[in-house]
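Heads up: the structure comes next, in structure tokens.
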Amino acid sequence: MQITDDLQKLLDILPEEIRSVLEQHPQQDRLIEVVMDLGRFPEVRFPQGAEYLLETPITQEQINHCVQRVGHFSGDNRAGIERTLHRISAIRNRPGEIIGLTCRVGRAVFGTIGMIRDLVETGQSILMLGRPGVGKTTALREIARVLADDLHKRVVIIDTSNEIAGDGDIPHPAIGRARRMQVARPELQHQVMIEAVENHMPEVIVIDEIGTELEALAARTIAERGVQLVGTAHGNRIENLIKNPTLSDLVGGIQAVTLGDDEARRRGSQKTVLERKAPPTFDIAIEMLERQRWVVHESVSDTVDDLLRGRQPNPQVRTAHENGKVTITREFPTAPVATPPNRAGLSSVQAKSTGWRSSGQMKPLSRPLAEPYSENRNFEQLLNQSWQEQDDFANGVRMPGPNGEDLPLHIYPYGVSRHQLEQVIQVLNLPVVLTKDMDSADAVLSLRSHVKNHGKLRSIAKARHVPIHSVKSSTIPQITRALRHMLDMDDPSMPEVTDLRLFTQSGTEDEIEALEEARLAVEQIVLPKGQPVELLPRSPKVRKMQHELVEHYRLKSDSFGDEPNRRLRIYPA
């Protein structure tokens with residue numbers, strides 16, 4: 001990396017006694033800030049910490065000496081030194097007099113974006129996050145230069161405090177061929193952003209420190225006009241933006257949505273949940289945790305959706321070493337990752353499967369060169385076959401299931417009653433664990449209608465190589481047969497065991513008695529004699545249990561009569 005800092009120009013504005021000590025300081029080239037507060041010792045800050053430079057308090061004359069040698073202080077109390085990148089920030093008392101200065105060293109670091117150059121070249125909008133002093137503005141300046149000089153794009157920088165391209169009317173050479181628009185007052189930044197797009201036909205807009213709702217709205221307007229955005233915002237992680245009502249629109253905005261009863265049960269959540277309101281303004285987000293360690297969210301929309309659903313995203317972690325080599329890993333290396341379709345060439349980390357898929361017993365098929373998409377067609381064909389398959393699992397038609405799987409089997413339920421699943425697993429003592437995270441699932445158990453109408457589930461399952469098993473309805477018999485089939489326990493030659501505990505909710509004597517009545521009617525009259533049977537009147541809840549028990553025998557039943565004498569009638573096959 002090549003570093004240009006013009007440090008001597010910053011030292012020249014300092015009082016003689018402070019400048020002379022700093023010029024002899026052994027860590028002069030690592031200086032970050034010089035802090036001068038009235039009545040306190042002058043302080044210098046380095047990456048490793050801060051120290052007092054002198055044991056003589058700062059006087060008002062020394063502060064005035066510095067103020068006279070810098071440019072005009074704007075509405076955000078910032079000034080600069082012409083043709084440099086240094087920033088001088090003022091602290092004022094109530095009458096408006098300057099009583100403190102923070103003199104930050106501005107450095108142009110060429111080569112600092114080597115970690116993310118492939119992302120910059122994609123043309124997607126990039127948002128950079130990080131605490132103050134981590135190097136966001138330095139990276140922004142280098143991105144502007146690379147886009148203008150190396151990629152030959154029309155780049156316009158919205159330089160609100162003259163920190164990106166330096167103070168004065170002539171921009172610093174560090175921004176290359178990029179153009180710079182200055183802002184008269186900080187509160188006008190959003191207007192200058194729109195003006196840049198309307199007047200100067202840019203391909204890229206570079207913005208530093210998006211901090212107000214109007215600026216976030218202007219950024220969305222620019223992005224929707226097809227202009228690439230590169231900007232920064234204060235916030236250490238992307239979660240900070242989601243919780244910030246002013247800036248949440250940068251990642252799509254958050255809104256409360258009231259779900260229907262069926263959808264709430266399917267998700268296993270409350271009826272009111274948080275969801276993303278719109279597509280995010282920025283496609284990619286980069287969390288600058290350290291100067292040489294950045295976390296990359298390749299799809300902001302997927303990351304926000306995961307966080308709102310209580311799932312942990314698994315972004316890239318890019319680390320730059322002293323020899324210039326960049327290492328790309330994942331924040332959670334053992335978790336499987338679905339690579340976004342438009343970023344397939346950027347990820348150097350292979351998704352690591354868990355469960356039975358990693359046992360080595362499932363071998364990948366070689367794909368003929370003449371049919372590059374045969375794998376996708378096979379996947380779709382298997383899905384369509386599973387939808388058309390009859391409910392009878394014992395008719396010899398078998399769905400593709402796990403062989404030699406690692407137990408317990410992790411199942412992701414989708415549209416199927418979690419309570420009924422847990423009841424079947426507990427009563428039959430099946431080696432099955434329910435999971436709310438598809439990344440750790442070995443299989444998906446879903447309602448057939450939900451799979452047909454939900455293309456996103458199919459695409460996610462395909463990306464993670466997770467098989468989908470479907471049932472026609474969320475009933476105890478169908479759930480039982482599906483689980484036994486997934487565990488390869490449904491031998492057609494062996495009769496299914498009827499355990500009445502599967503069909504009860506509270507296990508009261510009334511429920512057991514009603515189920516036993518239905519079982520005897522089926523086994524002693526309907527099946528052997530082929531005659532319909534009417535049962536005793538029962539409550540709606542108990543009749544529902546009887547219906548499920550009859551379905552277990554693959555028979556049909558119906559309720560008739562008026563309450564409280566409404567009862568079940570069982571028909572022969």
Side-chain angles (χ1 to χ4, degrees), residues 1-8 10-11 22-34 44-51 84-87 104-122 126-151 163-164 172-176 206 208 230 232 234-238 284-298 314-334 337 343 345-350:
M1 293 184 183
Q2 178 185 351
I3 300 176
T4 304
D5 57 14
D6 297 316
L7 181 59
Q8 189 58 47
L10 177 66
L11 298 181
L22 263 179
E23 287 176 342
Q24 305 299 324
H25 200 285
Q27 297 189 61
Q28 179 191 29
D29 58 340
R30 300 175 63 83
L31 179 65
I32 296 178
E33 288 177 339
V34 179
V44 289
R45 295 172 179 171
F46 301 97
Q48 291 76 20
E51 62 180 65
T84 73
L85 302 174
H86 307 308
R87 186 183 79 190
R104 173 175 288 189
V105 179
R107 292 184 172 91
V109 184
F110 298 89
T112 185
I113 66 161
M115 286 192 286
I116 59 167
R117 176 149 184 158
D118 55 341
L119 303 177
V120 174
E121 293 176 353
T122 63
I126 300 175
L127 178 65
M128 310 192 75
L129 305 172
R131 54 183 170 78
V134 79
K136 296 190 301 297
T137 305
T138 303
L140 210 59
R141 188 182 301 120
E142 175 70 356
I143 289 175
R145 186 191 65 80
V146 169
L147 286 169
D149 290 359
D150 298 352
L151 303 181
E163 193 174 359
I164 299 178
H172 193 278
I175 67 169
V206 177
D208 195 12
V230 183
T232 67
H234 282 305
N236 210 30
R237 303 298 294 259
I238 202 169
I284 301 171
I286 299 173
E287 299 170 352
M288 302 174 65
L289 302 184
E290 302 171 11
R291 287 187 177 271
Q292 306 300 330
R293 181 173 174 269
W294 296 356
V295 174
V296 177
H297 296 272
E298 301 166 275
N314 192 16
Q316 287 186 1
V317 179
R318 301 191 176 197
T319 306
H321 302 280
E322 294 181 357
N323 57 5
K325 182 180 178 182
V326 177
T327 302
I328 303 178
T329 58
R330 288 283 171 182
E331 196 166 26
F332 304 102
T334 59
V337 178
R343 312 265 345 122
L346 295 182
S347 175
S348 64
V349 181
Q350 299 295 328

How far apart are the C-alpha atoms of Phe46 and Leu31, what are their side-chain angles, what is the distance that settles it, and do they pass the side-chain contact (heavy atoms from CB on, under 4.5 Å) test?
-> CA-CA 5 Å; Phe46 301 97; Leu31 179 65; 3.9 Å; yes
From CA spacing to verdict: side-chain contact (heavy atoms from CB on, under 4.5 Å), Glu51, Val44 = CA-CA 6 Å; Glu51 62 180 65; Val44 289; 3.6 Å; yes
Do Met115 and Ile286 pass the side-chain contact (heavy atoms from CB on, under 4.5 Å) test, and can you show the C-alpha distance, the side-chain angles, and the key distance before you say yes or no?
-> CA-CA 11 Å; Met115 286 192 286; Ile286 299 173; over 6 Å; no
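The closest donor-acceptor contact from the side chain of Arg330 to the backbone of Asn314 lies under 3.5 Å. Proximity of a side-chain donor or acceptor of His297 to a complementary backbone N or O of Ile284 within less than 3.5 Å is not detected. A donor-acceptor pair under 3.5 Å is formed between the side chain of Arg141 and the backbone N or O of Glu163. Looking only at distances, no side-chain donor or acceptor of Glu331 sits under 3.5 Å from a matching main-chain atom of Val317. For the pair Lys136 (side chain) and Gly130 (backbone), a donor-acceptor distance under 3.5 Å is present.
In this structure, the separation between NE2 on His86 and CD on Glu33 is 13.0 Å, given to the nearest 0.5 Å. Of the inter-residue distances, the one linking Asp118 atom CG with Ile328 atom CD1 reads 6.0 Å to the nearest 0.5 angstrom. Within the model, atoms CD1 of Ile113 and CD1 of Ile126 stand 8.0 Å from one another, a figure rounded to the nearest 0.5 Å. Of the inter-residue distances, the one linking Arg237 atom CZ with Leu129 atom CG reads 9.5 Å to the nearest 0.5 angstrom. Rounding to the nearest 0.5 Å gives a distance of 10.0 Å between CE of Met128 and OG1 of Thr137. The distance from the CD1 atom of Ile143 to the OG1 atom of Thr232 is 10.0 Å, given to the nearest 0.5 Å.
Contact annotation: the side chain of Thr122 never approaches that of Glu298 to less than 4.5 Å [non-hydrogen atoms, C-beta and beyond].
Taking each heavy atom of Ile32 and Pro47 in turn, the nearest pair found is CD1-N, 3.5 Å. For the pair Trp294 and Ala139, the tightest heavy-atom approach, listed with the atom from each and the gap, is CH2-CB, 4.1 Å.
Residues Glu322 and Gln292 have side chains that never bring a donor and an acceptor to within less than 3.5 angstrom of each other.
Paired with Ile164 under the rule side chain to side chain contact (heavy atoms under 4.5 Å, CB included), one option of Leu85, Leu140, Thr138 passes, and it is Leu140.
Between Arg107 and Glu142 there is no salt bridge, since none of the side-chain N atoms of the basic residue sits less than 4.0 Å from a carboxylate O of the acidic one.
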